Peer 1: 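One structure, as structure tokens, below. Some questions next.
On a predicted model such as this, the values are computed, not experimentally measured, just so you know. We count residues from 1, following the sequence as given.
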Amino acid sequence: MYIRENLRWHIIWKLGWKSVAIFTVYSALVCLVYGPLNFHSVAIPWQPVATLGTAVAFYIGFKNNGSYDRFWEGRQLWGGIVNSSRTSAVQILEFVTSVVDAPGVDAPAASAEELTHRHRRMVYRQIAWCNALRIHLRRQPEQWDAAVGPFLEEEESEKLRQMANPPAQLIRQQAAELRRLREERGLLNDFQHVTMMNTLEVLYNLQGGCERIKNTPFPRQYAFFSMVFVYLFAALMPLGLVTEFAKMGPTHIWLTVPFSVMVSWVFTTIEKVGHSSENPFENNMNDVSMTAICRSIEIDLRQMLGETEVPPKLEPVEDILY
């Protein structure tokens with residue numbers, strides 16, 4: 001996610017230099033044919049061009065609203081993941097105590113060492129789930145060892161990485177752990193067990209929302225025709241402008257070049273901005289900063305465990321927070 005208030009000029013130029021070059025050459029060619037070559041039949045009335053421009057503006061505005069909604073929903077889902085991860089960690093730390101509170105279970109009270117081990121394993125599994133979901137959405141399985149492996153036991157990590165959907169299986173593992181705590185160890189009563197299972201359900205719902213955005217492409221009919229209409233309008237722009245500037249004098253036809261390039265650049269840029277928000281989980285410049293969010297979750301949860309040596313928050317790289 002780009003976090004600087006203003007875009008740097010080299011990014012703006014990188015985004016639009018091709019279209020600017022194409023429109024400049026094309027507009028100059030139209031002026032050359034209309035003026036020095038005296039071939040006036042290439043010109044068209046300005047009114048239909050202006051009407052088309054209005055229609056295109058409405059169309060790409062509709063398309064961009066849909067694109068932004070996808071990005072914002074993705075960010076809201078990850079905001080929910082942050083809150084639910086904190087809730088899950090608090091429940092683990094406060095519900096799983098030394099008191100045996102499950103009726104019908106004959107088990108000794110848990111020692112401090114056992115509780116520390118269980119708390120750490122379950123909280124770390126929650127951190128692993130966040131990172132596994134990020135990797136799953138970005139299709140980056142090569143990052144498993146660095147991002148997920150350190151938070152799981154080796155056997156569990158190797159088993160889960162082979163699964164088709166590792167984050168879903170991690171929540172399943174967490175649910176199995178809760179069942180054992182209640183049935184075998186007696187460290188959870190019915191109310192606590194149900195409450196923590198509800199939290200896992202919320203996590204599943206948040207993951208499902210992210211997967212829905214990831215696996216459902218932005219409707220191609222909107223994205224494709226948006227680009228077609230913008231370039232059609234850009235192609236007609238100098239043909240309509242040249243006659244308007246010709247009314248000011250023969251030499252004024254060359255003003256068609258800067259004005260048509262400027263208007264065409266605005267429309268193509270708006271179209272590209274909408275396109276950049278269609279898929280918010282691709283690790284691009286304008287996508288949801290899932291890596292930074294996962295790091296914030298890790299810091300919060302590890303400090304809840306009482307750890308003091310935690311990694312620092314991620315800093316933006318060239319104004320981009322990944």
Side-chain angles (χ1 to χ4, degrees), residues 1-4 6-27 48-80 133-140 206-240 260-291 293 318-322:
M1 182 173 63
Y2 192 84
I3 63 171
R4 193 170 183 267
N6 299 315
L7 286 174
R8 296 188 184 275
W9 283 107
H10 73 89
I11 295 177
I12 298 175
W13 178 246
K14 182 180 179 180
L15 183 67
W17 75 269
K18 290 183 180 179
S19 58
V20 169
I22 293 172
F23 297 144
T24 300
V25 172
Y26 174 69
S27 300
V49 179
T51 303
L52 177 62
T54 302
V56 172
F58 277 108
Y59 190 90
I60 61 176
F62 168 77
K63 179 243 184 180
N64 284 12
N65 283 337
S67 298
Y68 182 77
D69 285 343
R70 286 169 62 89
F71 166 80
W72 185 239
E73 183 183 2
R75 184 59 187 87
Q76 287 179 310
L77 287 168
W78 272 89
L133 179 58
R134 164 174 63 86
I135 291 172
H136 180 64
L137 293 173
R138 288 178 175 170
R139 306 290 192 261
Q140 296 174 325
L206 292 168
Q207 176 180 340
C210 292
E211 291 174 334
R212 170 172 46 79
I213 296 175
K214 175 68 178 182
N215 299 327
T216 306
F218 190 83
R220 301 322 302 164
Q221 64 271 27
Y222 295 121
F224 176 76
F225 283 110
S226 174
M227 179 183 64
V228 170
F229 294 158
V230 166
Y231 278 92
L232 176 62
F233 173 66
L236 296 177
M237 173 76 63
L239 303 181
S260 63
V261 169
M262 180 175 61
V263 175
S264 300
W265 173 78
V266 169
F267 272 78
T268 55
T269 299
I270 294 173
E271 200 280 330
K272 290 178 180 178
V273 167
H275 178 71
S276 68
S277 302
E278 291 177 6
N279 302 303
F281 301 139
E282 299 296 324
N283 202 29
N284 294 324
M285 183 180 76
N286 296 312
D287 291 346
V288 177
S289 54
M290 293 188 291
T291 304
I293 294 174
E318 296 183 353
D319 302 319
I320 301 174
L321 193 62
Y322 290 100

Peer 1: Can a donor-acceptor pair be found between the side chains of Arg138 and Thr291 at a distance below 3.5 Å?
Peer 2: yes
Peer 1: Got a sec, which residues hit salt bridge (Lys or Arg N to Asp or Glu O under 4.0 Å) with Glu271, two or more places apart in sequence or on another chain?
Peer 2: Lys63
Peer 1: Is a donor on one side and an acceptor on the other found under 3.5 Å between the side chain of Asn279 and the backbone of Lys214?
Peer 2: no
Peer 1: For a quick test of reading the model, state the closest non-hydrogen atom pair linking Gln207 to Leu133 and the distance between them.
Peer 2: CG-CD1, 3.6 Å
Peer 1: Is there a side-chain contact between Glu211 and His136, using heavy atoms and a 4.5 Å cut-off?
Peer 2: yes
Peer 1: Are any side-chain N or O atoms of Tyr26 and backbone N or O atoms of Ala235, one a donor and one an acceptor, separated by less than 3.5 Å?
Peer 2: yes
Peer 1: Is a side-chain N or O of Ser226 found less than 3.5 angstrom from the main chain of Ala223, in a donor-acceptor match?
Peer 2: no
Peer 1: At what distance, to the nearest 0.5 angstrom, does CG of Asp69 lie from OG of Ser277?
Peer 2: 10.5 Å
Peer 1: Enter the distance from Ser276:OG to Asn64:CG here, rounded to the nearest 0.5 Å.
Peer 2: 8.5 Å
Peer 1: Looking only at atom types and distance, does a side-chain atom of Asp287 sit under 3.5 Å from a main-chain N or O of Glu282, one as donor and one as acceptor?
Peer 2: yes
Peer 1: Is there side-chain contact between Arg212 and Glu73, with heavy atoms separated by less than 4.5 Å?
Peer 2: yes
Peer 1: Should the pair Tyr68 and Phe71 be assigned to parallel (<30°), tilted (30 to 60°) or perpendicular (>60°) ring geometry?
Peer 2: tilted
Peer 1: If only atom types and distance count, is the side chain of Arg70 paired as donor or acceptor with the main-chain N or O of Ile213 below 3.5 Å?
Peer 2: yes
Peer 1: List the atom pairs, with distances to 0.1 Å, where a side-chain N or O of residues 51-58 and a protein N or O form a donor-acceptor pair under 3.5 Å, not counting sequence neighbours.
Peer 2:
from  : atom 1 : to    : atom 2 : distance (Å)
Thr51 : OG1    : Gln47 : O      : 3.0
Thr54 : OG1    : Ala50 : O      : 3.1

Peer 1: What's the separation between atom OG1 in Thr268 and atom NE2 in His275, rounded to the nearest 0.5 Å?
Peer 2: 13.5 Å
Peer 1: Pairs under 3.5 angstrom only: tabulate donor-acceptor contacts from the side chains of residues 14-25 to other protein residues two or more places apart or in another chain.
Peer 2:
from  : atom 1 : to    : atom 2 : distance (Å)
Ser19 : OG     : Gly16 : O      : 2.9
Thr24 : OG1    : Val20 : O      : 2.7

Peer 1: Could you label the plane-to-plane angle of the Phe267 and Phe233 rings as parallel, tilted or perpendicular, counting under 30° as parallel and over 60° as perpendicular?
Peer 2: tilted
Peer 1: Is there a donor-acceptor contact under 3.5 Å from the side chain of Ser67 to the main chain of Gly274?
Peer 2: yes
Peer 1: Is any side-chain heavy atom of Ile60 closer than 4.5 Å to a side-chain heavy atom of Phe229?
Peer 2: no
Peer 1: Are any side-chain N or O atoms of Ser264 and backbone N or O atoms of Val261, one a donor and one an acceptor, separated by less than 3.5 Å?
Peer 2: no
Peer 1: For side chain to side chain contact (heavy atoms under 4.5 Å, CB included), just list the numbers for Ile293 and Arg75, CA-CA rounded to whole Å, side-chain angles, deciding distance to a tenth of an Å, and then say yes or no.
Peer 2: CA-CA 10 Å; Ile293 294 174; Arg75 184 59 187 87; 3.9 Å; yes
Peer 1: Mind checking whether Pro280 and Trp72 have side chains closer than 4.5 Å, heavy atoms only?
Peer 2: no
Peer 1: For the CD1 atom of Ile270 and the CH2 atom of Trp265, what is their distance to the nearest 0.5 Å?
Peer 2: 9.5 Å
